[in-house]
Amino acid sequence: MAAAQQGLDETKVEAFMEKALGDISGMMAVGLCHLGDRLGLFDALAAGGPVGSQELADRLDLNERYVREWLRGLTAAGYLKELEPGSFALPAEHVPALADETGPMFLGGVYQMMPAALAPYERLIEAFRNGGGVRQSDYPDTLWDGMSRFTGSWFESVMVDDWLSTFPHVVEKLERGIDVADVGCGAGRALLVLAQRFPRSRFTGFDNFPGQVERARANAERAGVADRVTFETVDAAQGLPGRYDLVTTFDVIHDSAEPTRLLAAVRAAVKDDGDYLMLEINSADRSEDNVGPIASMFYGFSVFYCMTTSLASGGAALGTCGMPEAVVRDLCAEAGFSEVARSTADDPFNVLYDIKP
């Protein structure tokens, strides 16, 4: 009614209202999914088949009333299915996203990251008003755990067979045995996978956040590869302590406070006959072409983490979508690299580049 009085298209007003309410519903579903992941509800449903709220609560030693409301909420959202009154199931087609942590579609790490990314919300509000940003140390540890789970599923399921396989000469070098450095290694999941697949090669991970380095060392010990995988706390933009046959960065450059300086340091660390593998977000060269659900998710990550942590250090603040192919090529040329080859792997989230000195 108010829309008609103001001369607005009431159909469009109602359509947008439906979309906005759908987005709020989606936010609530994410919160419910985080509960399901953290409390083991999805795993129990995937393993045990249709179940009632009391049986599920008993199985996990949880409060039945909460479990019942959780089941109803995610059934309303389309994540679960009520087969008959009071009996709920996780459809088999939903298991890869919600309960298969080893697969490339698993979203549990993202669900874990979201509350943690929102934790320093008031600091972000202050940054909007006064500039600056949110520091890495302002986030709770659950952010890094969720990030490791999210990216780890990619590293373990698609990195070698899908991404690296498009550059067979790199795979051949790794099989033969080379020295590898991973810059911005985080919790070390990428290097652990590479060390297990290529036991003749030697790996060093560098990160400027001590907490991540400690996690990486512990992960290497648990994986039984600490004899050939080491981790160091280093600000790689200041230079790397050595030269390597292969240097990698996995979704790191767009986060960097000094991307040009970091790439120059990487260039100095790559041997003349070596390779630099850069994984970056799959975004379009023109910002107006970055639209839709995936782009919206990327820009959200940018505001809540990628861009703001760079700004906290007075950095370039490229943002999550700040390294499309044209920018990759320009920055690599500026850093002294001679050639950039884009992987042919079809991935909606990431693009791998093989870059030559």
Side-chain angles (χ1 to χ4, degrees), residues 155 159-160 163-210 212-213 216-217 219-220 225-280 315-316 323 327-343 351-357:
F155 295 144
M159 179 171 65
V160 175
W163 295 343
L164 285 184
S165 65
T166 62
F167 300 121
H169 69 283
V170 175
V171 174
E172 291 170 5
K173 289 181 179 181
L174 286 164
E175 289 174 339
R176 191 165 60 244
I178 56 175
D179 291 312
V180 181
D182 183 32
V183 175
C185 64
R189 295 286 290 273
L191 286 192
L192 300 188
V193 171
L194 290 174
Q196 290 165 339
R197 291 290 296 267
F198 304 105
R200 293 182 179 177
S201 290
R202 300 152 301 279
F203 305 89
T204 305
F206 300 101
D207 203 285
N208 63 356
F209 190 46
Q212 287 288 66
V213 171
R217 288 171 177 164
N219 288 338
V225 296
D227 60 324
R228 60 184 184 276
V229 183
T230 59
F231 297 95
E232 299 179 25
T233 301
V234 169
D235 181 358
Q238 306 293 327
L240 294 175
R243 300 194 73 196
Y244 303 87
D245 303 291
L246 175 66
V247 178
T248 61
T249 59
F250 296 103
D251 285 339
V252 166
I253 303 301
H254 71 263
D255 285 336
S256 174
E258 300 177 281
T260 301
R261 190 176 183 184
L262 178 57
L263 284 171
V266 170
R267 170 63 187 89
V270 179
K271 293 180 181 179
D272 292 341
D273 60 346
D275 292 84
Y276 166 40
L277 291 180
M278 176 199 292
L279 188 76
E280 268 300 333
M323 286 288 288
V327 175
V328 169
R329 293 183 179 280
D330 288 346
L331 289 181
C332 286
E334 186 178 348
F337 289 100
S338 63
E339 180 183 340
V340 177
R342 176 175 174 144
S343 169
V351 178
L352 184 67
Y353 298 92
D354 178 34
I355 302 166
K356 297 289 188 182

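All residue numbers in this chain count up from 1 along the given sequence.
No donor-acceptor pair closer than 3.5 Å links the side chain of Thr166 to the backbone N or O of Ser343. No donor-acceptor distance shorter than 3.5 angstrom exists from the side chain of Arg267 to the backbone of Ala335, with no hydrogens or angles considered. Side-chain N or O atoms of Arg217 include one that pairs as donor or acceptor with a backbone N or O of Phe231 at under 3.5 Å. Remark: side-chain polar atoms of Thr230 are not paired, donor with acceptor, to backbone N or O of Thr204 under 3.5 angstrom.
Nearest heavy atom pair, residue Phe337 against residue Leu263, reads CE1-O, 3.7 Å. Among all heavy-atom pairs drawn from Pro241 and Glu232, the shortest one is CG-OE1, 4.1 Å. Taking every heavy atom of both residues into account, Glu280 and Tyr353 meet most closely at CB-CE1, 4.5 Å. Among all heavy-atom pairs drawn from Leu262 and Ala236, the shortest one is CD1-CB, 3.6 Å. The nearest pair of heavy atoms linking Asp235 to Asn208 is CA-CB, 4.1 Å. Heavy atoms only, all atoms of each residue included: Cys332 and Ile355 are closest at SG-CD1, 3.5 Å.
With rounding to the nearest 0.5 Å, the separation of NE2 in His254 from CE in Met323 is 9.5 Å. Here the CG-NZ distance, from Asp179 to Lys173, works out to 12.0 Å after rounding to the nearest 0.5 Å. If you take CG on Leu331 and CZ on Arg329, they are separated by 12.5 Å, rounding to the nearest 0.5 Å. Here the CG-CZ distance, from Leu240 to Phe206, works out to 5.5 Å after rounding to the nearest 0.5 Å. One distance of note links CD of Glu172 with NE2 of His169; it measures 9.0 Å at 0.5 Å rounding.
Looking only at side-chain heavy atoms (C-beta outward), Leu277 and Asp354 come within less than 4.5 Å of each other. Looking at heavy atoms from C-beta onward, Thr260 lies in side-chain contact with Glu334 at the 4.5 angstrom threshold. Contact check for Val270 versus Asp275: no side-chain heavy atoms found under the 4.5 Å cut-off. A heavy-atom distance below 4.5 Å is not found between the side chains of Tyr244 and Phe203. A 4.5 Å side-chain heavy-atom check between Leu164 and Leu174 finds at least one atom pair inside the cut-off.
Salt-bridge check for Arg243 with Asp272: passed, with a basic side-chain N closer than 4.0 Å to an acidic carboxylate O.
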N/O donor-acceptor pairs under 3.5 Å from side chains in residues 183-195, not counting sequence neighbours:
unit_1, atom_1, unit_2, atom_2, d
Arg189, NE, Glu156, OE2, 3.2
Arg189, NH1, Ser148, O, 3.1
Arg189, NH1, Ser148, OG, 3.2
Arg189, NH2, Glu156, OE2, 2.7

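Legend: salt bridge (charged side-chain N to carboxylate O under 4.0 Å, His left out) pairs involving residues 250-259, not counting sequence neighbours, sorted by first then second residue: Glu258-Arg261.
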**Report entry** Residue pair Ile178, Phe198: steps toward the side chain to side chain contact (heavy atoms under 4.5 Å, CB included) verdict
**Finding:** CA-CA 9 Å; Ile178 56 175; Phe198 304 105; over 6 Å; no
Query - Verdict with reasoning, Leu352 to Met278, per side chain to side chain contact (heavy atoms under 4.5 Å, CB included) - result: CA-CA 6 Å; Leu352 184 67; Met278 176 199 292; 6.0 Å; no
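Take Ala257 and apply the side-chain contact (heavy atoms from CB on, under 4.5 Å) test, not counting sequence neighbours, and it matches Ser310, Ser313.
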